[in-house]
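Worth saying up front: this structure is predicted, and the values here are computed from it rather than measured. As a basis for the values below, the full set of heavy atoms in this structure was taken, side chains included, without hydrogen atoms, waters or symmetry mates.
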Amino acid sequence: MTDVPTTAGSRTTADPVGPDSVLARQRRDHAEMDRLMDLHQELGPGEERERVLKDLVQLVFSHAFAEETVLWPAVRRHVPDGDALTGQVEDEHQQINDLTADIERLAPGDPEREDKVRRVFALIRQDIRDEEDQVLPRLQDAVDAASLRRLGAAWEAVRRSAPTHPHPVVPRRPPGNALLGVPLSCYDRVRDAVGPGAPTATARKALAAVSGLLLAAGVAAAVRGRR
């Protein structure tokens, strides 16, 4: 029999450990991703559809950064075969990064862009299924409730200060991703504040300053990687 894919939208976001656990926080984000993807598919071309896509991108990448910085290291520590489980999800994250970077370079309405949007939505839904069906239940079995709540607090703190756009060349694992997280987050939030169109002189200066920080952080990461 063929498995029928399920999504976070068809599951409850409640969690027996409590609403502050990392499991519940993950599932709430997954449900919101599903909602935004469904809404985008319902809307016709226009500013509202692009705003929904922008909201989805910001959520997906802040969520993924928190997973890679806080959650997946815990899975690798506590869950048997955790390295293989998180490796599969990290591969999906990299594909989502690459496709979304292409989407951001293409104009709305471009047939190639629309195809890539469909492909990235399919990958996001697959990523949600893999996390909810394989990774999160295994973590819940391996870690006590208090630890899951502590992980939830750390996950939320990172998510709120995480990058909001794709950065395909950034490592998927600490310390590389964590080292680059602050300058990338600053850069992305300036981009988000500037919005579409040509940036003002002030915005250009801010972007240039953050780009310098990003370059310095990249050099530091490269030096650290050689040690």
Side-chain angles (χ1 to χ4, degrees), residues 5-10 26 28-68 89-131 159-170 172 177 180-181 183-211 213-215 218:
T6 57
T7 65
S10 64
Q26 283 273 122
R28 287 196 294 270
D29 269 11
H30 290 166
E32 178 64 5
M33 289 176 202
D34 263 330
R35 186 190 73 81
L36 290 170
M37 286 187 288
D38 289 343
L39 179 58
H40 183 274
Q41 291 173 327
E42 293 168 4
L43 293 169
E47 291 184 5
E48 178 65 12
R49 191 168 186 253
E50 288 304 306
R51 184 193 64 76
V52 169
L53 183 61
K54 177 182 176 182
D55 290 346
L56 175 66
V57 167
Q58 292 176 354
L59 174 59
V60 164
F61 286 97
S62 59
H63 174 96
F65 189 85
E67 288 179 335
E68 293 167 356
V89 174
E90 287 165 344
D91 286 344
E92 292 167 353
H93 286 187
Q94 188 63 48
Q95 293 178 62
I96 291 167
N97 258 268
D98 294 341
L99 277 170
T100 307
D102 289 342
I103 290 166
E104 291 191 337
R105 287 193 290 266
L106 295 166
D110 186 316
E112 182 182 359
R113 186 177 190 263
E114 291 299 310
D115 177 64
K116 289 180 184 292
V117 168
R118 285 191 291 271
R119 288 165 59 192
V120 84
F121 280 15
L123 276 168
I124 292 169
R125 293 187 196 277
Q126 180 62 52
D127 184 67
I128 290 171
R129 289 196 298 272
D130 288 342
E131 291 174 12
R159 189 177 78 91
R160 288 182 179 276
S161 59
T164 57
H165 289 273
H167 299 282
V169 299
V170 173
R172 301 260 67 83
N177 68 336
L180 290 170
L184 286 173
S185 178
C186 294
Y187 181 79
D188 285 350
R189 280 163 169 71
V190 171
R191 288 174 62 194
D192 294 338
V194 169
T200 64
T202 300
R204 285 197 298 271
K205 289 178 182 178
L207 284 168
V210 174
S211 296
L213 288 173
L214 182 57
L215 177 61

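- Remark: Arg119 CZ to Leu99 CG distance equals 5.0 Å, nearest 0.5 Å.
- With sequence neighbours excluded, the residues that form a side-chain hydrogen bond (donor to acceptor under 3.5 Å, both in side chains) with Gln58 are Asp192.
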Residues Arg129, Gln126; criterion side chain to side chain contact (heavy atoms under 4.5 Å, CB included); working and verdict
CA-CA 5 Å; Arg129 289 196 298 272; Gln126 180 62 52; 2.6 Å; yes
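- Counting only residues at least two apart or on different chains, the ring-ring contact (aromatic ring centres under 6.0 Å, His included) pairs with a member in residues 108-128 are His40-Phe121.
- With sequence neighbours left out, the side chain to side chain contact (heavy atoms under 4.5 Å, CB included) criterion links Leu36 to Glu32, Val52, Asp55, Leu56, Leu59.
- Looking at Asp127, its side chain never comes within 3.5 Å of a backbone N or O of Leu123 through a donor-acceptor pair.
- Partners of Asp130 under the salt bridge (charged side-chain N to carboxylate O under 4.0 Å, His left out) rule, at least two apart in sequence or in another chain, do not exist in this structure.
- To the nearest 0.5 Å, atom CZ of residue Phe65 and atom NE2 of residue His93 are 12.5 Å apart.
- The CZ atom of Arg28 lies 12.5 Å from the CE atom of Met33; values are rounded to the nearest 0.5 Å.
- The CD atom of Glu67 sits 10.0 Å away from atom CD of Glu90, with the distance rounded to the nearest 0.5 Å.
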Ignoring hydrogens and angles, write down the donor-acceptor pairs under 3.5 Å from the side chains of residues 106-115, residues two or more places apart or on other chains.
unit_1: Asp110; atom_1: OD1; unit_2: Glu112; atom_2: N; d: 2.8
unit_1: Arg113; atom_1: NE; unit_2: Ile103; atom_2: O; d: 3.2
unit_1: Arg113; atom_1: NE; unit_2: Leu106; atom_2: O; d: 3.1
unit_1: Arg113; atom_1: NH1; unit_2: Glu50; atom_2: OE1; d: 3.4
unit_1: Arg113; atom_1: NH1; unit_2: Glu50; atom_2: OE2; d: 3.1
unit_1: Arg113; atom_1: NH2; unit_2: Glu50; atom_2: OE1; d: 2.9
unit_1: Glu114; atom_1: OE1; unit_2: Arg49; atom_2: NH1; d: 3.4
unit_1: Glu114; atom_1: OE1; unit_2: Arg49; atom_2: NH2; d: 3.2
unit_1: Glu114; atom_1: OE2; unit_2: Arg49; atom_2: NH1; d: 3.4

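- Here the CD-NE2 distance, from Glu131 to His30, works out to 4.0 Å after rounding to the nearest 0.5 Å.
- Asn97 CG to Phe61 CZ: the interatomic distance, rounded to the nearest 0.5 Å, is 4.5 Å.
- With sequence neighbours excluded, no residue satisfies salt bridge (charged side-chain N to carboxylate O under 4.0 Å, His left out) with Glu92.
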Step-by-step side chain to side chain donor-acceptor pair (under 3.5 Å) determination, Asp91 to Gln95:
CA-CA 6 Å; Asp91 286 344; Gln95 293 178 62; over 6 Å; no
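- Evaluation of the salt bridge (charged side-chain N to carboxylate O under 4.0 Å, His left out) rule for Asp102 yields Arg105, Lys116 as partners, not counting sequence neighbours.
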